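Computed from a prediction, not measured in an experiment: that's the story for all the values here.
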Amino acid sequence: VRMLVDEPSGCDFDRVYGFLLRSFGGNDERTKIRALAKWADANLPPHEAADVHRAETRHWLNLGDAAMTADAAKRMERARPDYAVRARRLSALAHAAAGELEKAKAEIARARAECELPLGDRQELAYLEAWVALQEGDVELARRNLTAIVAESPDGATARKARRILESISEEAHE
């Protein structure tokens with residue numbers, strides 16, 4: 001648990017969760033996940049339980065299960081309200097990846113309306129919104145979001161991703 005909470009450099013967060021998960025009883029993965037979540041809620045301080053739930057959220061996201069991702073993200077947010085933006089961004093990402101674009105947009109809107117958004121989170125939400133817009137064929141909204149990201153923080157990691165998408169959009173427009 002300490003490795004999930006402290007995330008020492010070089011630590012593979014998802015792998016650590018897998019090792020922790022294997023230490024719980026049950027015949028299948030879902031049973032083990034439920035047992036771990038229940039144990040975390042009963043035995044850990046909320047800020048540590050939140051990181052167990054965050055690891056579970058990422059686990060479900062990696063498996064492509066939007067409903068389970070959203071459920072784990074809600075537990076993460078309840079345990080640690082300052083994780084609200086992260087929880088909503090992960091839920092939105094899961095819904096977007098599953099093709100549930102309206103649910104993804106609702107999570108993005110909820111994050112914007114209910115949370116204070118630091119620059120990095122604001123940009124990641126704008127990037128995700130641009131991705132959703134492209135899936136829906138709204139190239140102009142995507143372009144506006146991506147351009148704003150690049151203008152706001154030209155050397156940032158999200159800006160580098162945004163630039164690649166902008167280049168791709170420009171190439172498609174010229175074809």
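- Two residues are said to be in side-chain contact when any heavy atoms from C-beta on lie closer than 4.5 Å; W131 and Q135 meet this criterion.
- Under the 4.5 Å side-chain criterion, counting only non-hydrogen atoms from C-beta, L125 is not in contact with E129.
- Listed by chain and residue number, H47, E48 satisfy the side chain to side chain contact (heavy atoms under 4.5 Å, CB included) test with P45 (two or more places apart in sequence, or in another chain).
- With hydrophobic clusters built from ILVMFWY side chains whose heavy atoms lie under 4.5 angstrom apart, I33 shares a cluster with L4.
- Looking at heavy atoms from C-beta onward, R80 lies out of side-chain contact with P46 at the 4.5 angstrom threshold.
- In terms of hydrophobic clustering, with Ile, Leu, Val, Met, Phe, Trp and Tyr side chains grouped at heavy-atom distances under 4.5 Å, L36 and Y83 are assigned to different clusters.
- What you find for N145 and A130 is that their closest heavy atoms are ND2-N, 3.7 Å.
- Summarising the geometry of T57 relative to A73, their closest heavy-atom pair is OG1-N, 3.2 Å, with the distance given to 0.1 Å.
- Grouping the Ile, Leu, Val, Met, Phe, Trp and Tyr side chains by contacts below 4.5 angstrom, directly or via other members, places W60 with L21.
- The shortest distance between side-chain heavy atoms of C11 and V16 falls below 4.5 Å.
- Taking the side chain as every heavy atom from C-beta outward, T69 and L63 never approach each other to under 4.5 Å.
- Residues satisfying the side chain to side chain contact (heavy atoms under 4.5 Å, CB included) criterion with D14, sequence neighbours excluded, are D12, R58, N62.
- Applying the salt bridge (charged side-chain N to carboxylate O under 4.0 Å, His left out) rule to pairs touching residues 135-148 yields K105-E136, E140-R143, sequence neighbours excluded.
- Here the shortest heavy-atom pairing between C115 and V85 reads CB-CG2, 3.3 Å.
- We find the CE-NE2 distance between M76 and H53 to be 10.0 Å, quoted to the nearest 0.5 Å.
- For residues 19-28, every residue pair satisfying the side chain to side chain donor-acceptor pair (under 3.5 Å) rule, not counting sequence neighbours, is listed here: D28-T31.
- For the pair L44 and D51, the minimum side-chain heavy-atom distance is 4.5 Å or more.
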Which is it for E29 and H59 under the side-chain hydrogen bond (donor to acceptor under 3.5 Å, both in side chains) test, yes or no, and what are the steps along the way?
CA-CA 11 Å; E29 189 172 73; H59 174 80; 3.2 Å; yes
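- Annotation for A70 and S91: closest pair CA-OG, 3.5 Å, computed over non-hydrogen atoms.
- Scored by the ring-ring contact (aromatic ring centres under 6.0 Å, His included) test, F24 finds W39 as partners (sequence neighbours excluded).
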Step-by-step salt bridge (Lys or Arg N to Asp or Glu O under 4.0 Å) determination, E107 to R110:
CA-CA 5 Å; E107 284 295 329; R110 217 173 114 224; 3.1 Å; yes
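- Put simply, L20 and M68 are part of the same group of oily side chains (I, L, V, M, F, W, Y) that touch within less than 4.5 Å, one to the next.
- Every residue meeting the side chain to side chain contact (heavy atoms under 4.5 Å, CB included) condition with V150, not counting sequence neighbours, appears here in chain and number order: A159, A162, R163, L166.
- With sequence neighbours left out, the side chain to side chain contact (heavy atoms under 4.5 Å, CB included) criterion links E7 to F13, R54.
- For D6, the salt bridge (Lys or Arg N to Asp or Glu O under 4.0 Å) partners two or more places apart in sequence, or in a different chain, are R2.
- The shortest non-hydrogen separation linking G25 to A35 is O-CB, 4.3 Å.
- Each salt bridge (charged side-chain N to carboxylate O under 4.0 Å, His left out) pair with one or both residues in residues 62-75, not counting sequence neighbours, appears once here: R30-D65, E56-R75, D71-R75.
- The distance from atom NZ of K38 to atom CG of N43, rounded to the nearest 0.5 Å, is 11.0 Å.
- For the atom pair CG (L134) and CD1 (I169), the distance works out to 4.5 Å, reported to the nearest 0.5 Å.
- The salt bridge (charged side-chain N to carboxylate O under 4.0 Å, His left out) contacts involving residues 87-99 comprise E77-R88, R88-E114, R89-D121, where partners must be two or more places apart or lie in separate chains.
- Hydrophobic clustering of Ile, Leu, Val, Met, Phe, Trp and Tyr side chains at less than 4.5 Å, counting indirect connections, unites L128 with L90.
- Under the salt bridge (Lys or Arg N to Asp or Glu O under 4.0 Å) criterion, K161 pairs with E124, not counting sequence neighbours.
- In the displayed structure, K103 atom NZ is contacted under 6.0 Å by at most 12 heavy atoms of other residues, nucleotides or ligands.
- Residues forming a salt bridge (Lys or Arg N to Asp or Glu O under 4.0 Å) with D41 (at least two apart in sequence, or on another chain): none.
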